[in-house]
Amino acid sequence: MANKTVLQETLEKVVGAERAERLFQVLVVPQGLLAEAGDTISRAGIAQALNMMLFEDLLQRVPDAKSYADDCLHDGRKVMHDHGAVRTVLLQGMGALPAGEESITRVLRPLGYALNGTYPLERLKMTGRSHAQAEYPEELAQFFISELHPEKFSAEFQAAVARVTATSRDPLTAEAKALLAELEEDRELSVEKAVKVLPVLAKVFSRQHEEETLADYKTLLAESAEMAWISTEGNSFNHATDRVADVDALAADQKALGRAMKATVETSQSGRVRQTAFLAARVQRRFRDADGSIVEQEVPGSFYEFITRLPLPAEEGKTGLDLSFDSSNAQAIFKMTAQGQK
């Protein structure tokens, strides 16, 4: 790219020129951020860089998502990253990690994100919340953060959750916390400081606890596929999402290519939000066996979602896209990581 923007300069210094260039080719970037220049980068620019890094991480873990992104590159289409989903556990005493969504929102707030909706996920014994970025609510990816409520499960399950999460580390260093405080105050950082903090912020979206026992994993899986997923994948992106014009047509095209898709498209109560997804990738994860030895087992990993959002009803005096989520849709989509579990 000629005349590098401050966003490109920052991302290149973090991930390298080749990876940064590919991400700019794959993803839609808000035009306002492409106009930023100088030696400082806005909180929205840092949020965009982080989202690009997390999107790339998801592609590396979900083969069908990478194949789809390769197709987009080949065909000259760009991905409009709509939202990333993260799962958390609302439990005190998880090692050094804050309870529930605070482990994530403490990073999002300095980036300009604020609560945009709350969604009870009662069948899953979870609560979901969406967070949108203030300057670019439609153009910058939202975060859909869910909290699992261990107290709604059996005593045996709760004990297993406590054991699994007790070894959690806090990925935020003292320097990163100081830089986030500066960002929250000034709404921008020097490029040099942004380059320092971005890799640490990306680590927040990973697993913070050590390998659990296979017995604990099976205890969790018996009552909650979602908690079993958290036990192996932690706070990694559960899924990233492409906003497309016609999710039904896209699903038909992907099925024709032989990619494993969810059988149906979910529709919100309003009819304005429609979603479907690739089935979750299968990944090998390590567990500790009863004798202390390490064993591997195939478990569900992350997946890639597609969403179509229609405009809000003009007759109600509203403008813009419907950026909401739907509890029923979310619970159905979450089941992507329950596919094929044993």
Side-chain angles (χ1 to χ4, degrees), residues 1-61 69 78-79 81 83-84 86 96-98 103-114 131-136 139-143 145 169-208 234-237 240:
M1 293 172 64
N3 301 320
K4 289 181 184 178
T5 67
V6 67
L7 173 60
Q8 186 186 20
E9 179 188 354
T10 301
L11 192 60
E12 281 188 1
K13 288 182 175 180
V14 177
V15 305
E18 184 176 345
R19 286 166 60 192
E21 178 65 20
R22 178 180 171 86
L23 286 168
F24 274 97
Q25 290 174 349
V26 169
L27 291 166
V28 174
V29 177
Q31 285 299 310
L33 297 181
L34 295 177
E36 286 188 3
D39 56 5
T40 62
I41 181 170
S42 68
R43 64 182 186 177
I46 297 171
Q48 177 67 28
L50 176 62
N51 269 300
M52 294 170 88
M53 293 165 67
L54 297 176
F55 184 88
E56 181 188 48
D57 175 67
L58 187 284
L59 294 191
Q60 299 308 312
R61 295 184 290 109
K78 287 197 173 187
V79 171
H81 183 204
H83 69 274
V86 182
L97 198 64
S103 62
I104 307 298
T105 56
R106 62 186 176 147
V107 167
L108 298 185
R109 284 192 296 270
L111 298 176
Y113 279 88
H131 298 259
Q133 209 279 336
E135 287 84 38
Y136 297 94
E139 298 174 274
L140 254 172
Q142 292 190 79
F143 283 80
I145 308 172
R169 300 166 296 274
D170 186 350
L172 288 186
T173 61
E175 181 184 36
K177 290 176 181 178
L179 290 173
L180 285 173
E182 181 180 339
L183 178 60
E184 191 155 22
E185 176 71 21
D186 298 339
R187 299 191 175 191
E188 66 178 12
L189 286 177
S190 68
V191 169
E192 180 184 2
K193 289 178 178 178
V195 169
K196 282 184 180 179
V197 80
L198 274 165
V200 184
L201 301 187
K203 289 178 183 177
V204 170
F205 299 86
S206 59
R207 194 181 82 185
Q208 311 304 340
N235 305 128
S236 303
F237 260 15

*Gap between atom CD1 of Ile104 and atom CG of Leu108 - 0.5 Å precision*: 7.0 Å
*asked:* Taking the side chain as everything from C-beta on, heavy atoms only, tell me whether Pro199 gets closer than 4.5 Å to Val14.
replied: yes
*Please identify each residue that fulfils side chain to side chain contact (heavy atoms under 4.5 Å, CB included) with Arg207, with sequence neighbours left out.*
His209, Glu211, Glu212
*Residues two or more places apart in sequence or in another chain: which of them pass side chain to side chain contact (heavy atoms under 4.5 Å, CB included) with Lys193?*
Leu179, Glu182, Leu189, Ser190
*asked:* Within the structure provided, determine whether Ile46 and Leu198 are in side-chain contact (heavy-atom separation under 4.5 Å).
replied: yes
*Rounded to the nearest 0.5 Å, what's the gap from CG on Leu54 to CZ on Phe237? Could you check?*
4.5 Å
*Rounded to the nearest 0.5 Å, how far does CZ of Phe143 lie from OG1 of Thr105?*
11.5 Å
*Take Leu140 and Gln48, measure what side-chain contact (heavy atoms from CB on, under 4.5 Å) needs, and give me the verdict at the end.*
CA-CA 7 Å; Leu140 254 172; Gln48 177 67 28; 3.0 Å; yes
*Just wondering, do Thr40 and Val6 contact through their side chains at under 4.5 Å, heavy atoms?*
no
*Return yes if some donor-acceptor pair links the side-chain N/O of Gln133 with the main-chain N/O of Leu111 below 3.5 Å, else return no.*
yes
*Mind jotting down which residue pairs meet the salt bridge (charged side-chain N to carboxylate O under 4.0 Å, His left out) criterion with at least one end in residues 43-58? Sequence neighbours excluded, please.*
Arg19-Glu56, Arg43-Glu135, Asp57-Arg61
*Name all pairs fulfilling the side-chain hydrogen bond (donor to acceptor under 3.5 Å, both in side chains) condition that reach into residues 171-180, sequence neighbours left out, sorted by first residue then second.*
Asp170-Lys177
*Closest non-hydrogen atom pair between Ser206 and Ser236, with its separation*: CA-OG, 3.6 Å
*Decide if atom CD of Glu192 counts as having more than 12 heavy atoms of other residues, nucleotides or ligands within a radius under 6.0 Å.*
no
*Would you please name every residue forming a salt bridge (charged side-chain N to carboxylate O under 4.0 Å, His left out) with Arg109, sequence neighbours left out?*
Glu102
*What pair of heavy atoms forms the shortest contact from Pro171 to Val200, and how long is it?*
O-CG1, 3.4 Å
_ring-ring contact (aromatic ring centres under 6.0 Å, His included) pairs, two or more places apart, involving residues 29-48_ = none
*What's the shortest heavy-atom distance between Ser103 and Pro98, and which atoms?*
CB-O, 3.7 Å
_Residue list, side chain to side chain donor-acceptor pair (under 3.5 Å) with Glu12, at least two apart or on another chain_ = Lys4, Gln8
_Spacing of Leu172 atom CG and Leu201 atom CG [to the nearest 0.5 Å]_ = 7.0 Å
*Mind checking what makes salt bridge (charged side-chain N to carboxylate O under 4.0 Å, His left out) contact with Glu188, not counting sequence neighbours?*
none
_Test: salt bridge (charged side-chain N to carboxylate O under 4.0 Å, His left out). Region: residues 22-32. Which pairs qualify, not counting sequence neighbours?_
Arg22-Asp70
*For the residue pair Val26 and Ala69, what are the closest heavy atoms and their distance?*
CG1-CB, 4.4 Å
*asked:* Taking side chain to side chain contact (heavy atoms under 4.5 Å, CB included) as the definition, give me every residue that meets it alongside Ser42, ordered by chain and number, with sequence neighbours left out.
replied: Leu33, Glu36, Ala44
*Taking everything shown except Lys196 itself, do over 12 heavy atoms lie less than 6.0 Å from its NZ?*
no
_List the residues meeting side chain to side chain donor-acceptor pair (under 3.5 Å) with Asn51, not counting sequence neighbours, and say none if there are none._
Tyr113
_If I take atom CG from residue Leu183 and atom CD1 from residue Ile41, how far apart are they, to the nearest 0.5 angstrom?_
10.0 Å
*Atom CG in Leu23, atom CG in Leu11: separation rounded to 0.5 Å?*
6.0 Å
*Test Leu34 against Phe24 for side-chain contact (heavy atoms from CB on, under 4.5 Å), laying out the working first.*
CA-CA 11 Å; Leu34 295 177; Phe24 274 97; 4.1 Å; yes
*Just by modelled atom types, is the Gln208 backbone N or O under 3.5 Å from a matching donor or acceptor in the Lys203 side chain?*
no
*Report the residues that fulfil ring pair (Phe, Tyr, Trp, His ring centres under 6.0 Å) with His131, sequence neighbours left out, ordered by chain and then residue number.*
none
_Counting only heavy atoms from other residues, nucleotides and ligands, does the tally under 6.0 Å from CD of Gln60 exceed 12?_
yes
